[in-house]
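First listed ligand is number 1; within each ligand, the first listed atom is number 1.
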Amino acid sequence: MNQPTHSNHPTDLRTPVSGHAHAVVGLQWGDEGKGKIIDLLAPNYHAVVRYNGGANAGHSVQVAGKRFALHLLPSGILHPGALAVIANGVVVDPFALIKELDALTAQGIDTSGLILSDRAHLVLPYHQTQDALREQLLSDNPTGNAIGTTKRGIGPAYAEKAHRSAAIRAGDLLRPEILRERLQHACRFHNTLHDLDPTAAPHDPNAILDSLHSVTQRLAPHIADTTYLLHQLLRENKNILFEGANATLLDIDHGTFPFVTSSSTTALGIPAGAGVPGKYINDILGIAKAYSTRVGAGPFPTELHDHIGNSIRERGREYGTTTGRPRRCGWLDLVALRYAVMLNAVDAISIMLLDVLSGLPQLKVCTAYEIRGRRTDRFLPDASDLAHATPIYETLPGFSEDLTTARTPDQLPANARAYLDRISDYIGAPIRFVSVGPDRAQTITMQ
Ligand code: IMP
């Protein structure tokens with residue numbers, strides 16, 4: 001295997017940081033098209049770094065007509081020479097990671113640039129069992145308050161990390177004694193859940209240990225201390241791109257709790273999730289669709305249950321990359337978007353899938369909510385409050401032209417430009433890119 005091309009010299013921590021650290025984050029409920037933009041930007045960076053989430057994320061990237069679906073690997077893996085770093089804040093299903101590596105290798109992609117943090121926690125089969133079981137119990141409940149998770153074991157793996165005693169990190173794959181001991185503890189704890197589902201076979205630590213054997217052999221050369229690595233790159237004047245997974249409104253602290261994922265999905269998650277302080281991050285690009293979508297349960301004030309929602313779903317191919325579930329679709333919620341811009345300290349945004357709105361006679365954007373008779377332009381990051389929000393819309397004229405061949409701002413119809421101007425004006429951030437199709441070439445640079 002080719003070793004990734006970073007220097008192995010010890011870092012002199014007196015050297016000032018001169019490399020740039022930039023970030024790309026999703027501003028809505030996920031699936032905004034971050035993968036495409038990261039893929040576009042990746043050639044400018046020495047490393048592309050995932051800092052949160054796990055195989056619940058689904059980034060699809062289309063390169064030269066070929067579509068790649070990435071879940072755990074940073075989108076930078078598609079660029080030879082760039083390091084693809086999975087930092088400590090990610091929860092890693094090692095079996096899913098191997099599957100993804102194999103699929104890319106079969107498509108002719110060189111995956112030798114992968115570096116996996118020794119401190120990244122592992123998602124193991126008992127986490128997925130627990131995820132599915134909790135969701136089942138919640139949906140059996142008459143109040144039906146299941147989260148609608150991806151069942152990838154994300155929540156249980158982060159809970160295990162918080163519990164500590166039976167948590168297993170990637171570095172433990174290289175410490176057989178510790179691995180065995182922790183697996184025994186973990187299986188003992190998780191098998192107690194069998195009282196809830198007596199039909200499920202108990203988890204056997206020896207069987208998991210056996211199955212981890214070949215995984216360890218494959219992953220061992222990629223496991224490293226990624227915190228020192230990232231600091232070293234920045235001191236060597238090399239640039240880093242952080243790739244947010246999931247998205248702002250799914251953030252465990254700042255999203256529509258409890259209908260959120262289990263990690264810090266915003267740029268606020270980078271310092272803890274990768275060990276790189278916020279003061280080194282000097283550009284944050286937020287990604288938003290020209291409309292809104294959501295997968296799974298939870299409030300969604302601008303959701304459309306009519307033919308417009310269906311047409312957006314079909315035209316935008318709004319079906320989950322990870323689970324294949326149809327996504328809920330609705331108008332653009334500017335209240336939510338401005339909140340996400342504030343939280344992430346976004347420098348500029350990218351508007352994705354603008355072409356999907358072509359043909360709609362009118363476009364609506366939500367500029368305020370009415371809640372229990374009161375009007376507000378603040379987002380409500382709590383599901384029980386947000387569930388009572390009625391959107392107040394502003395209506396803009398639609399456009400009927402096909403946008404998919406536009407390559408410069410002046411090739412966009414006047415009504416499409418007016419729609420973009422209204423977004424930028426409301427959220428107080430400039431628009432840097434507009435995407436009008438899945439291919440790299442279908443991207444307009446606005447400024
Ligand atoms: P979990 O992350 O699998 O626990 O799922 C929690 C919620 O986040 C569910 O509503 C999922 O559908 C949603 N979710 C998690 N990751 C993504 C993503 O990358 N895109 C869209 N929704 C996501």
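Remark: the Thr256 side chain and the Arg294 side chain contain an N/O donor-acceptor pair separated by less than 3.5 Å. Tyr319 and Arg325 are not linked by any side-chain donor-acceptor pair at a separation below 3.5 angstrom, with hydrogens and angles left out of the test. Inspection of the His203 and Thr129 side chains reveals an N or O donor paired with an N or O acceptor under 3.5 Å. A donor atom on one side chain and an acceptor atom on the other are found under 3.5 Å apart for Asn52 and Ser263. A donor-acceptor contact closer than 3.5 angstrom links the side chains of Asn56 and Thr261. Of the N and O atoms on the side chains of Asp355 and Thr404, not one donor lies less than 3.5 Å from an acceptor on the other residue. A side-chain N or O of Asp140 and one of Gln136 form a donor-acceptor pair less than 3.5 Å apart. No hydrogens or angles considered: a donor-acceptor pair under 3.5 Å links the side chains of Tyr369 and Asp333.
Not a single heavy atom of Arg327 lies less than 4.0 angstrom from ligand 1. A heavy-atom separation below 4.0 Å is found between Gly148 and ligand 1. Within the structure, the closest approach of Phe259 to ligand 1 does not fall below 4.0 Å when heavy atoms are considered. Using 4.0 Å as the threshold, Ala245 has no heavy atom nearer than that to any atom of ligand 1.
Inclusion of Asp131 in the set of residues having an N or O under 3.5 Å from an N or O of ligand 1 is not warranted. Any N or O atom pair closer than 3.5 Å counts here, and Asn56 shares at least one such pair with ligand 1. Ligand 1 has a nitrogen or oxygen under 3.5 angstrom from a nitrogen or oxygen of Thr261.
Ring centers of His22 and Tyr45: under 6.0 Å apart, within the cut-off.
The atoms of ligand 1 that sit less than 4.0 Å from any heavy atom of Trp29 are 21 (C), 22 (N). Ligand 1 places these atoms under 4.0 Å from at least one heavy atom of Ile147: 6 (C), 10 (O). Ligand 1 places these atoms under 4.0 Å from at least one heavy atom of Ala57: 19 (O). Less than 4.0 angstrom separates some heavy atom of Gly296 from each of these atoms of ligand 1: 10 (O).
Neither the backbone nor the side chain of Arg294 comes within 4.0 Å of ligand 1, counting heavy atoms alone. Proximity of Val260 to ligand 1, defined as any heavy-atom pair under 4.0 Å, is confined to the backbone N, CA, C and O atoms.
In this structure, the protein non-hydrogen atom closest to atom 5 (O) of ligand 1 is Thr149 CA, 3.4 Å. For atom 17 (C) of ligand 1, the nearest non-hydrogen atom of the protein is Asn246 ND2, 3.6 Å. Arg325 NH2, 2.9 Å is the protein heavy atom nearest to atom 12 (O) of ligand 1. Closest to atom 3 (O) of ligand 1 among all protein heavy atoms lies Thr150 OG1, 2.5 Å.
A salt bridge links Glu318 with Arg327: at least one charged nitrogen is closer than 4.0 Å to a carboxylate oxygen.
Ring geometry, His190 versus His127: the interplanar angle exceeds 60°, so the pair is classed perpendicular (tilted spans 30 to 60°).
When Val295, Asp31, Leu250 are checked for heavy-atom proximity to atom 23 (C) of ligand 1, Leu250 turns out nearest.
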